[in-house]
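For reference, the structure is listed below as structure tokens.
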Amino acid sequence: MSLTNQPDPEARRKVVEQDLNNVLHPLLQHKALEQKQMVVTGAQGSTIVDADGTTYLDAMAGLWCVNIGYGRTELAQIAAEQMQAIAYYPHTAMNLPAAQLGEQINTLMGGDYHTYFVNSGSEANEAGFKIARQYAKHEFPGDFRFKTISRYYAYHGTTLATLAAGGMGDRKVKFEPYAGEFVHVPAPTCYRCPLGLEYPSCGVACAKAIETTILGEGPQTVAEVIVEPIMSGVGVAVPPDEYLPMVEAICRKYDLLLHVDEVINGFGRTGKMFGHQHYGVSPDIMAVAKGIVSAYLPIAATVVKNHVFESFLGEVAESRQVMQVNTYGGHPVAAAVAVRNIEIMLEEKLPERAASMGAYLMEGLKAALFRHHITGDIRGKGLLLGIELVTDRESRTQLDGALVGGVVDFCRAHGVIVGRSGGGARHSNTIVLSPPLVITRSECDTLIEVLDQALAATVAKLAGA
């Protein structure tokens with residue numbers, strides 16, 4: 001299949017650039033918009049093509065989300081067929097695709113779960129916060145449990161509440177002050193331990209800090225703990241194996257809900273269907289998005305365990321229902337595409353492929369990149385990986401931001417799209433990789449080769465400085 005249907009790329013670019021003047025870009029008024037912008041016009045597998053006809057290996061799967069790869073035209077057919085049958089009806093009534101998708105998720109979670117559909121990962125986490133608070137009012141009527149324990153450098157979305165829950169100061173400071181309902185604890189960023197300790201002699205102190213914080217705030221004021229199994233935006237922070245089980249045990253000890261953010265981790269990305277499945281924990285609330293539909297249409301979900309769901313059952317007069325409405329939640333067309341997306345993942349064993357291809361990529365990255373003294377750490381699970389760049393390994397001083405940006409630019413100039421961590425001044429020096437789960441060995445080899453060249457060029461710059 002051709003990656004582009006544009007017979008005259010230059011003419012197309014002129015039209016698109018004119019149209020872009022009328023579009024509010026996600027970066028809003030960022031000066032970078034004065035530079036020439038990439039206009040993507042086609043894609044297939046792990047490759048995208050721009051209006052100039054230039055192809056790129058997309059090692060970020062868009063925004064961590066095109067898990068089954070680009071160009072799955074059968075999904076367009078499914079969307080068209082569903083739109084012809086019933087394009088939309090609100091969830092005052094059920095639609096069949098949403099019911100099928102809910103059952104799929106319940107099965108993937110091993111049973112005992114119910115699903116509420118929204119449009120994005122931010123909304124999924126936001127709904128989770130509301131569910132946790134209302135659940136606490138039902139189950140602990142004598143308490144005032146409204147707080148969520150989160151982690152510094154976490155990312156959970158861009159609504160006001162999810163920004164407050166997140167721990168990325170550079171992202172949230174523009175919108176402060178917040179109401180104080182989100183309390184932050186040290187993150188399991190082992191390469192840069194916030195407590196100055198080393199694993200395993202640390203005893204996983206970052207998990208123990210959660211209990212200390214709960215006790216300091218008062219357990220009667222805390223409703224839940226929210227975690228990403230593997231923190232993504234901060235630079236792919238993989239916790240020790242004991243960490244999540246310890247967090248779950250603390251939640252059970254104090255009757256708190258365990259809220260797991262699987263927006264990026266979920267649907268095969270880490271080598272299992274969900275990231276928390278590496279650690280044997282059982283979330284009470286789970287937020288999913290991105291890979292649920294591989295970005296072919298917008299849909300997301302807040303998934304809750306039966307005991308949470310049952311807390312909201314009651315007569316209308318009791319007003320136990322969740323005060324939550326979403327116009328497009330469970331949209332039948334998006335749900336139908338998501339159902340087939342998950343079927344493709346299972347048929348093609350894409351979580352297993354992510355595990356094996358991720359191991360291959362990890363081995364190749366370590367063999368090629370550790371020869372450069374600016375490579376501090378390479379970490380990840382499945383096809384979610386990070387390469388932390390430093391001035392030298394002994395001091396672990398993070399590489400200058402302009403040089404890290406130069407690595408991203410070098411890769412793009414050589415036909416590869418990579419990402420960069422967004423953790424602010426302290427955690428912005430990691431190159432992040434999240435390619436489609438269909439990436440091939442030869443494409444992994446290309447990715448490794450270009451990154452090797454990019455780091456060699458960066459070392460040369462440092463030597464000439």
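For the numbers below, each heavy atom of this structure counts, side chains included, while hydrogens, waters and symmetry mates do not.
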Evaluate whether atom [atom1] of [X] has more than 12 neighbouring non-hydrogen atoms of other residues, nucleotides or ligands under 6.0 angstrom away.
{"X": "Tyr88", "atom1": "OH", "result": "yes"}
{"X": "Glu74", "atom1": "CD", "result": "yes"}
{"X": "Glu347", "atom1": "CD", "result": "yes"}
{"X": "Glu363", "atom1": "CD", "result": "no"}
{"X": "Tyr191", "atom1": "OH", "result": "yes"}
{"X": "Lys305", "atom1": "NZ", "result": "yes"}
{"X": "Phe144", "atom1": "CZ", "result": "no"}

Please check if any side-chain donor atom of [X] sits under 3.5 Å from a side-chain acceptor atom of [Y], or the reverse.
{"X": "Asp445", "Y": "Tyr360", "answer": "yes"}
{"X": "Ser122", "Y": "Ser120", "answer": "no"}
{"X": "Glu139", "Y": "Ser311", "answer": "yes"}
{"X": "Tyr70", "Y": "Asp58", "answer": "yes"}
{"X": "His331", "Y": "Asn95", "answer": "no"}
{"X": "Thr221", "Y": "Arg145", "answer": "no"}
{"X": "Ser232", "Y": "Glu228", "answer": "yes"}
{"X": "Gln100", "Y": "Gln104", "answer": "no"}
{"X": "His278", "Y": "Thr270", "answer": "yes"}
{"X": "Ser421", "Y": "His427", "answer": "no"}
{"X": "His156", "Y": "Asp261", "answer": "yes"}
{"X": "Thr213", "Y": "Glu217", "answer": "no"}
{"X": "His276", "Y": "Asn265", "answer": "no"}
{"X": "Tyr243", "Y": "Glu248", "answer": "no"}

- Query: Hey, mind stepping through Arg396 and Asp377 against salt bridge (charged side-chain N to carboxylate O under 4.0 Å, His left out) and telling me if it holds?
  - Reply: CA-CA 9 Å; Arg396 299 187 181 182; Asp377 191 30; over 6 Å; no
- Message: Taking the cut-offs as 6.0 angstrom to the six-membered ring centre and 45 degrees off its axis, would you call Arg133 and Phe146 a cation-pi pair?
- Response: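 Relative to the ring axis of Phe146, which defines the angle, Arg133 lies outside at least one limit.
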- Task: Please find out if less than 6.0 Å separates the ring center of Tyr116 from that of His91.
- Result: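 Here the rings of His91 and Tyr116 have centres that are no less than 6.0 Å from each other.
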- Aromatic contact, Tyr328 with Phe117 (centres under 6.0 Å):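 Ring centres of Phe117 and Tyr328 not closer than 6.0 Å.
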Between [X] and [Y], does at least one N-O distance fall below 4.0 Å, as a salt bridge requires?
{"X": "Glu348", "Y": "Arg72", "result": "yes"}
{"X": "Glu211", "Y": "Lys208", "result": "no"}
{"X": "Lys137", "Y": "Asp143", "result": "no"}
{"X": "Lys130", "Y": "Glu126", "result": "no"}
{"X": "Arg252", "Y": "Asp284", "result": "yes"}
{"X": "Arg192", "Y": "Glu388", "result": "yes"}

- Item | Chi angles and distances behind the side chain to side chain donor-acceptor pair (under 3.5 Å) call for Asn67, Ser294 | CA-CA 5 Å; Asn67 289 17; Ser294 291; 5.1 Å; no
- Task: Mind running side chain to side chain donor-acceptor pair (under 3.5 Å) on Asn106 and His114 for me, showing each step along the way?
- Result: CA-CA 7 Å; Asn106 182 49; His114 291 261; over 6 Å; no
Is there a side-chain contact between [X] and [Y], using heavy atoms and a 4.5 Å cut-off?
{"X": "Cys444", "Y": "Met357", "value": "yes"}
{"X": "Trp64", "Y": "Leu384", "value": "yes"}
{"X": "Val236", "Y": "Leu385", "value": "no"}
{"X": "Gln82", "Y": "Pro97", "value": "yes"}
{"X": "Pro435", "Y": "Ser46", "value": "no"}

Is it the case that the side chain of [X] and the backbone of [Y] share a donor-acceptor pair, with hydrogens and angles ignored and the cut-off at 3.5 Å?
{"X": "Arg393", "Y": "Thr375", "value": "yes"}
{"X": "Thr302", "Y": "Ala124", "value": "yes"}
{"X": "Arg269", "Y": "Cys65", "value": "no"}

- Could you walk me through whether Ile299 and Leu101 pass the side-chain contact (heavy atoms from CB on, under 4.5 Å) test, one step at a time? CA-CA 11 Å; Ile299 192 169; Leu101 181 56; 3.9 Å; yes
- Task: Look up atom CG in Leu346 and atom CG in Leu108, then write down how far apart they are to the nearest 0.5 Å.
- Result: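 One gets 6.0 Å once the value is rounded to the nearest 0.5 Å.
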- Message: Would you compute the distance between atom CD of Glu262 and atom CG of Asn125 and round it to the nearest 0.5 angstrom?
- Response: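 Here the interatomic distance stands at 10.5 Å.
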Minimum heavy-atom separation for [X] and [Y], please, with both atom names.
{"X": "Leu163", "Y": "Lys172", "value": "O-CE, 3.6 Å"}
{"X": "Ala132", "Y": "Ala223", "value": "O-CB, 4.0 Å"}
{"X": "Thr189", "Y": "Pro194", "value": "OG1-CD, 3.5 Å"}
{"X": "Ala300", "Y": "Gly121", "value": "CB-N, 4.0 Å"}
{"X": "Val234", "Y": "Ala237", "value": "CG1-CB, 3.8 Å"}
{"X": "Ile86", "Y": "Pro332", "value": "O-CG, 3.6 Å"}

- Give the intermediate values and the outcome of side chain to side chain donor-acceptor pair (under 3.5 Å) for residues Asp452 and His372. CA-CA 8 Å; Asp452 186 16; His372 305 294; 2.6 Å; yes
- Task: For the pair Glu224 and Ile149, evaluate side-chain contact (heavy atoms from CB on, under 4.5 Å) and give the outcome as yes or no after the intermediate values.
- Result: CA-CA 6 Å; Glu224 63 167 2; Ile149 305 295; over 6 Å; no
- Query: Given Ile105 and Glu103, is the side-chain contact (heavy atoms from CB on, under 4.5 Å) satisfied, shown in steps?
  - Reply: CA-CA 5 Å; Ile105 294 170; Glu103 183 53 36; over 6 Å; no
- Classify the angle between the aromatic ring planes of Phe140 and Tyr135 as parallel (below 30°), tilted (30 to 60°) or perpendicular (above 60°).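 Perpendicular, since the angle between the ring planes exceeds 60°.
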- Task: Start with the C-alpha gap between Phe267 and Phe274, add the side-chain angles, then the distance that decides, and say whether ring pair (Phe, Tyr, Trp, His ring centres under 6.0 Å) holds.
- Result: CA-CA 6 Å; Phe267 295 96; Phe274 300 108; 5.1 Å; yes
- Query: Can Thr148 and His259 be said to form a side-chain contact (heavy atoms from CB on, under 4.5 Å), step by step?
  - Reply: CA-CA 9 Å; Thr148 293; His259 179 161; 5.9 Å; no
